[in-house]
Q: 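This is the structure I have questions about; it appears just below.
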Amino acid sequence: MPELPEVETVRRGLSDLLPGKTVLAVSHDTPKSFPNAPADVKEFLIGAKVEAVKRRAKVLIIELDTKYSLIIHLKMTGQLVFRSRDDKKRFGAGHPNRSLIGDLPDKSTRVIFEFNEAFLYFNDQRKFGWVRLVPTAEIPNIDFFRKVGPEPLAADFKPQDFKNRIRRRPNSTIKAVLLDQTVIAGVGNIYADESLWTARIHPETKVRDISPIKLTKLYHGLRDVMFLSIEKGGSSDKNYVDVAGRQGSYLQFANVFRREGKACPRCGHEIIKIRVAGRGTHLCPHCQRKVS
DNA sequence: CACTTGACCTGTCCGC
DNA sequence: TGCGGACAGGTCAAGT
C-alpha cells in the first residue's frame, strides 16, 4: 500500500525521531525480511548512530555514521512504528494521537531495532517488504536506484520532463506507464487512479493518443493529489500507519479510489471499477473517455 | 525489444 | 459456521 506520500510521511516521522540515536540491538524473524542479517548486523549496525533519514521513490534510506545505510521497502503492508518509553504518556488511551495498533511486537513484526529507551518495529503482514544493510556509497549502483525515474514532486521536475518520460512508452496504457517506476518514481495504484480522474483521462488510453494539454493536466493532477496526501498523512485503507501508529486521512478526499458504485463528484455518474495493467482501476466512465 | 502476466505472502471478504 | 476462491496499495522474473 505505501506509495510516495505514505513513505514520505514515514520518512518525516523517522526524521524527527532517529537522528542522533544509536542502535543497541537488532532482532529479526526471517532472512526474507532482512536478507543480509544477522552477520552483517553484528559487525556493521550495532553501535552505529543514525545521521539522516531520506527517501527515494518508495524506498526509505536511514543513513548511519558508519558509511553504511539501512534501506527499507514497505511494499504492500509494511509499517515502521516507533515506541519510546514516553509514548504511553503521550499517546495513551483517550489521547487523540494515540497509536491505532496495539502492543508490539505482534505477529506481523519482522525486525526490531532497539535504541536507548526506544524501539523501532518493522511490521509486515504479507512479508513482501524488506530491510537491507548496504554501504551508503553503493546505493546509487543498486539496480533499482539506477533504473528508477525522477521524483515527481521535485522542484526542478517540470511538465516537459513529465511528458518526455511518459512518451517513451507510446504503445502502453497510461495507467501501466504511471505505475512503471522506471518512468516516474513513487506512483502507485491510488495516485494513478486519482490523477487520471483529475486529468479526465481513461486509464486504458494509449499514451500516443493523449494530447499534450491532457498530459500537462495529468502532471499537475499527479502532483496535486500527492501533495494533498502528504498533508493528510497519506492513505490508510487497512494496514498503513505512520511512525506513531496513526492512520492517514487522504482517502476521505479521494474522488474515485475505492468509490465504485458511488457518484462521481464532478458529474454525478456512477464510478466503476475495472482491471487495467493487472490492477484494480477506478474511474468515472463519463468524465474519462478513452480517446483524448 | 516492448509489453503483459504470474509469483511472492497473509488476511479478509463474499458467495454458496 | 465453514469452505473455496478472489482480491489487496509493489516489484521482479518469466512469458508472449
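Not measured: the values here are computed from a predicted model. In what follows, every chain begins at residue 1, and chains take the letters A, B, ... in the order their sequences are listed.
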Q: Parallel, tilted or perpendicular for F144(A) and H73(A), by the 30°/60° rule?
A: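 If you compare the ring of F144(A) with that of H73(A), the planes turn out perpendicular.
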Q: Just the rounded figure in Å: distance from C1' of dG10(C) to CZ of R56(A).
A: 16 Å
Q: Write down the distance between CG (D237(A)) and P (dG10(C)), rounded to a whole number of angstrom.
A: 12 Å
Q: Under the rule for side chain to side chain contact (heavy atoms under 4.5 Å, CB included), what residues qualify as partners of T9(A), not counting sequence neighbours?
A: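 Scan of T9(A) (side chain to side chain contact (heavy atoms under 4.5 Å, CB included), adjacent residues dropped) gives Y240(A), D242(A).
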Q: Return whichever of G278(A) or F144(A) has its heavy-atom-nearest nucleotide of DNA chain C closer to the 5' end.
A: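 It is G278(A) whose nearest nucleotide is closer to the 5' end.
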Q: With side-chain contact (heavy atoms from CB on, under 4.5 Å) as the test, pick out the partner of K163(A) among L215(A), V207(A), I210(A).
A: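 Among L215(A), V207(A), I210(A), the one meeting side-chain contact (heavy atoms from CB on, under 4.5 Å) with K163(A) is L215(A).
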Q: Listing time: all N or O pairs from protein to nucleotides 13-16 of chain C that are below 3.5 Å?
A:
none

Q: For G129(A), answer base if it contacts any base atom (sugar-phosphate contacts may also be present), sugar-phosphate if it contacts only those atoms, and nothing otherwise; contact means non-hydrogen atoms under 4.0 Å.
A: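 Nothing, no heavy atom under 4.0 Å.
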Q: Classify the side-chain pair R208(A)/N171(A) by whether it contains a donor and acceptor separated by less than 3.5 Å.
A: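 A pair is found: one side chain offers a donor N or O, the other an acceptor, under 3.5 Å apart.
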Q: Given the rule that a pair is Watson-Crick or G-U wobble with both distances under 3.5 Å, how would you write DNA chain B in dot-bracket, using | for pairs to a different strand?
A: .|||||||.|||||||
Q: Which listed nucleotide (dG9(C), dC3(B), dT11(C)) is nearest to the side chain of R169(A)?
A: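 It is dC3(B).
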Q: Where is the tightest heavy-atom contact between V10(A) and V243(A), given as atom of each residue plus distance?
A: O-CG1, 3.7 Å
Q: Any salt bridge (charged side-chain N to carboxylate O under 4.0 Å, His left out) pairs touching residues 15-33 of chain A, not counting sequence neighbours?
A: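 Residue pairs with at least one partner in residues 15-33 of chain A: D29(A)-R110(A).
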Q: Could you tell me the separation between the CD atom of E260(A) and the C1' atom of dA8(C), rounded to a whole number of Å?
A: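 These atoms are roughly 12 Å apart.
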Q: According to salt bridge (charged side-chain N to carboxylate O under 4.0 Å, His left out), does anything in residues 117-139 of chain A pair up with another residue at least two apart or in another chain? List the pairs.
A: R85(A)-E117(A)
Q: Using only side-chain N and O atoms of H73(A), determine if any of them is under 4.0 Å from OP1 or OP2 of dG10(C).
A: no
Q: K206(A) near the nucleic acid: base, sugar-phosphate alone, or nothing, with a heavy-atom cut-off under 4.0 Å?
A: nothing
Q: Can you check the R168(A) CZ to dC1(B) C1' distance for me, whole Å?
A: 14 Å
Q: Using the P atom in both, what is the distance from dA6(C) to dG6(B), to the nearest Å?
A: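 The same atom, P, in both gives a distance of 12 Å.
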Q: Mind checking side chain to side chain contact (heavy atoms under 4.5 Å, CB included) for T109(A) and listing every partner two or more places apart, or none if nothing turns up?
A: L104(A), P105(A), D106(A), I112(A), Y121(A), N123(A)
Q: Going through the checks in order, is the salt bridge (charged side-chain N to carboxylate O under 4.0 Å, His left out) test met by D161(A) and K158(A)?
A: CA-CA 5 Å; D161(A) 302 320; K158(A) 302 299 185 191; over 6 Å; no
Q: Kindly state each residue pair satisfying side chain to side chain donor-acceptor pair (under 3.5 Å) with at least one member in residues 60-70 of chain A, sequence neighbours excluded.
A: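 Counting only pairs at least two positions apart or across chains, the side chain to side chain donor-acceptor pair (under 3.5 Å) contacts touching residues 60-70 of chain A are K54(A)-E63(A), S69(A)-T136(A).
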Q: Mind checking side chain to side chain contact (heavy atoms under 4.5 Å, CB included) for H269(A) and listing every partner two or more places apart, or none if nothing turns up?
A: C267(A), C284(A), H286(A)
Q: Can you see if the side chain of K75(A) gets near the phosphate of dT11(C) - specifically, an N or O under 4.0 Å from OP1 or OP2?
A: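 It does not, given that no N or O in the side chain of K75(A) lies less than 4.0 Å from OP1 or OP2 of dT11(C).
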Q: Among residues 170-181 of chain A, which contact DNA chain B at a heavy-atom distance under 4.0 Å?
A: N171(A), S172(A)
Q: Between dG5(C) and dA7(B), how far apart are the P atoms? Round to whole Å, please.
A: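 Nearest-Å result for dA7(B) against dG5(C) at atom P: 15 Å.
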Q: Under the side chain to side chain contact (heavy atoms under 4.5 Å, CB included) test, which residues partner F145(A), sequence neighbours left out?
A: R56(A), V59(A), I61(A), I71(A), I139(A), I142(A)
Q: Listing request: all salt bridge (charged side-chain N to carboxylate O under 4.0 Å, His left out) pairs with a residue in residues 271-282 of chain A, at least two apart in sequence or in separate chains.
A: none
Q: To the nearest angstrom, how far is M76(A) atom CE from dG6(B) atom C1'?
A: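 Answer to the nearest Å: 13 Å.
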Q: When D180(A) is tested against each of R168(A), R169(A), K175(A) for side-chain hydrogen bond (donor to acceptor under 3.5 Å, both in side chains), which residue passes?
A: R169(A)
Q: What is the distance from CZ of F145(A) to P of dC12(C), rounded to the nearest Å?
A: 10 Å
Q: In whole angstrom, give me the gap between the P atoms of dT11(C) and dT12(B).
A: 24 Å
Q: Please find the pair of heavy atoms, one from G186(A) and one from Q181(A), that lie closest to each other, and give the distance.
A: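 Residues G186(A) and Q181(A), closest heavy atoms: N-OE1, 2.9 Å.
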Q: Could you go through nucleotides 8-11 of chain B and list every protein N or O atom that sits under 3.5 Å from one of its N or O atoms, giving the distance for each pair?
A:
{"residue": "dC9(B)", "atom": "O2", "partner": "R126(A)", "partner atom": "NE", "Å": "3.1"}
{"residue": "dT10(B)", "atom": "OP1", "partner": "K127(A)", "partner atom": "NZ", "Å": "3.0"}
{"residue": "dG11(B)", "atom": "O4'", "partner": "Q125(A)", "partner atom": "OE1", "Å": "3.3"}

